[in-house]
Amino acid sequence: MYKNFSNIQADLKSGSITLPKLVEQYLSVIEEKKHLNAFLEVFTEEAKEKAVAIQERFIQGNAGRLAGMVIGLKDNIVYKGHKVSASSKILKDFESLYSATVVERLLEEDAIIIGRLNCDEFAMGASNENSAFGPVKNAFDETRVSGGSSGGAAVSVQAGMCLASLGSDTGGSIRQPASFCGLYGFKPTYGFVSRWGLIAYASSFDIIGPITHSVNDMQLLLEVIAGGDAQDATSVQEPIPSFLGAKTSKPKYKFAYIKETLEADGVEPAVKKATEAYIQSLKAAGHTVEGISFDLLSVLIPVYYTLTTAEASSNLSRFAGMHYGHRSVKATDLESTIKKSRTEGFGPEVKRRIMLGTFVLSAGYYDAYYSKAQKVRRLVQDRTKKIFEEFDFIISPTSPTTAFKIGEKSDNPIAMYLADIFTVHANIAGIPAVSIPNGMDENGMPIGLQLMAPHGKDAELLALCASLA
Ligand code: GLN
């Protein structure tokens, strides 16, 4: 199994593999591992045709930088002329009329998009069990979850069905499945990657990013997809630092770890031990690592779920059985069209969040919940900035646990929400964060370590990861 794009390019150059052959190989792994349920659709014929055309260009020496990169797309990133469902019945069989900016940028560089990947419905979840098309199984232990919401994006890479994938991260959906599957997952600074063509969940939190086997591949993909976009007013206006060839700016760094993230209830002993061991290895390498206290840790989950459900209730109001998507056959008038289509089309978790979000935005409760949560978001941002005045990076486990059993938490939404306790911080603050592999637990399931960096320091964060790898 290829785990690094540079090996593929070297083999393409030497002629020991051709692109059509490479695509064949991925297609056969996809077929063989179908039961993992990572793909909702495979673009078989199109991938084969592209492989032939790009191979030709490669031989002529005018192929793009991603010639040989076979990539999967989370099913909430749109691709012109292709179906996209956000793993929801409400968008079943919907075909997109345009492509996301990230898709256009990938295609311009000759990446091959091999299919669309299962996820939690509208990216709401932490285990991929909220997909209308069934859960994704972890390839390391098929009785366990893949993580979520970008579960298909993680397992497709983990199991060798494609080299890399793009997911989306609103509160941890790239980093947590990457950590559950033993991979790298990166959430960029808010606005560094265009959201144009990403089906919205919570727009002030959402961002697209890669899941890969290696830091190099992550850097290359970001080099291609990141940067401002006229179609997304919240994307950066200024040019951003280059990812390729980025160097660490200091020989030794100052890391903070939030003491509560190791002492919090529910942090599995193996996760705690692996994080402590990582801290020791940083110290041994001459870096400074200090434990700090972050008293806002306990409010991160309430703030995140108050604000994201509010934004979701507004974003998802467009799915009304009117212009597109599922329309109930039982509808008789305007109101029943909306009610019945939404009742039939949305799954239980999405409904729960729409109701929660509508509640926190309602006139009587707006000040008590929504506007209060906005104020606390600001506090979290300010407090985080303060930490970065003294420290270069913040480390923590990515998730308090390793991949849990399918079904273990599905009837306990609060337990499921707590899986996001360490990842939502970066989305609330808008800062970059990465999950890197950090050993295994006693069951052979991967553990992830999260590193957060100051706003805009994405390239430096990945340069650091490359130097630590
Ligand atoms: N698990 C979180 C949630 O359910 C994160 C989702 C995400 O990042 N898309 O909201």
Side-chain angles (χ1 to χ4, degrees), residues 73-77 86-88 117-131 135-136 145-154 165-180 185-188 190 193 195 198-211 266 300-313 315-316 346-357 360 373 377 398-401 403-404 408-410 412-435 448 450 452:
L73 278 187
K74 183 176 181 179
D75 193 36
N76 61 352
I77 300 172
S87 289
S88 179
L117 301 164
N118 202 347
C119 58
D120 282 300
E121 185 175 2
F122 285 100
M124 297 175 183
S127 66
N128 217 307
E129 292 167 292
N130 296 334
S131 165
V136 178
V145 300
S146 54
S149 63
S150 313
S165 62
L166 289 189
S168 67
D169 194 309
T170 304
S173 278
I174 291 174
R175 290 160 285 156
Q176 187 251 24
S179 124
F180 279 13
F186 184 61
K187 172 231 166 304
Y190 182 76
V193 177
R195 288 185 294 110
L198 170 66
I199 295 177
Y201 160 15
S203 311
S204 77
F205 293 73
D206 296 342
I207 186 107
I208 295 172
I211 297 181
L300 296 179
I301 292 286
V303 166
Y304 170 79
Y305 278 96
T306 306
L307 296 177
T308 55
T309 56
E311 292 187 27
S313 74
N315 273 326
L316 271 57
F346 288 135
E349 182 60 26
V350 174
K351 285 179 185 153
R352 179 181 295 124
R353 295 196 191 194
I354 291 173
M355 285 190 280
L356 254 170
V360 301
R377 182 179 199 180
T398 304
S399 168
T401 70
F404 41 88
E408 191 181 315
K409 296 189 185 179
S410 33
N412 186 349
I414 302 289
M416 193 69 93
Y417 294 173
L418 283 171
D420 307 322
I421 183 153
F422 305 139
T423 47
V424 296
H425 187 161
N427 305 75
I428 294 173
I431 58 176
V434 65
S435 178
Q450 175 177 253
M452 295 191 284

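Atoms within each ligand, like the ligands themselves, are counted from 1 in listed order.
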**Student:** For ligand 1, what are the residues with a heavy-atom contact below 4.0 Å?
**Tutor:** A123, M124, G125, A126, S149, D169, T170, G171, G172, S173, Y201, Y304, Y305, R353, D420
**Student:** Which pair of non-hydrogen atoms, one from I207 and one from P188, has the smallest distance, and what is that distance?
**Tutor:** CG1-CD, 3.8 Å
**Student:** Between the side chains of T398 and S179, does any donor sit under 3.5 Å from an acceptor?
**Tutor:** no
**Student:** Going by side-chain contact (heavy atoms from CB on, under 4.5 Å), name the residues that satisfy it together with A312, two or more places apart in sequence or in a different chain.
**Tutor:** M124, Y201
**Student:** Taking ring pair (Phe, Tyr, Trp, His ring centres under 6.0 Å) as the test, write out the residues that go with Y190, two or more places apart.
**Tutor:** none
**Student:** With distance as the sole criterion, is a donor-acceptor pair present between the side chains of E311 and S203 under 3.5 Å?
**Tutor:** no
**Student:** Run the salt bridge (charged side-chain N to carboxylate O under 4.0 Å, His left out) test against E349 and tell me which residues pass, sequence neighbours left out.
**Tutor:** R352, R353
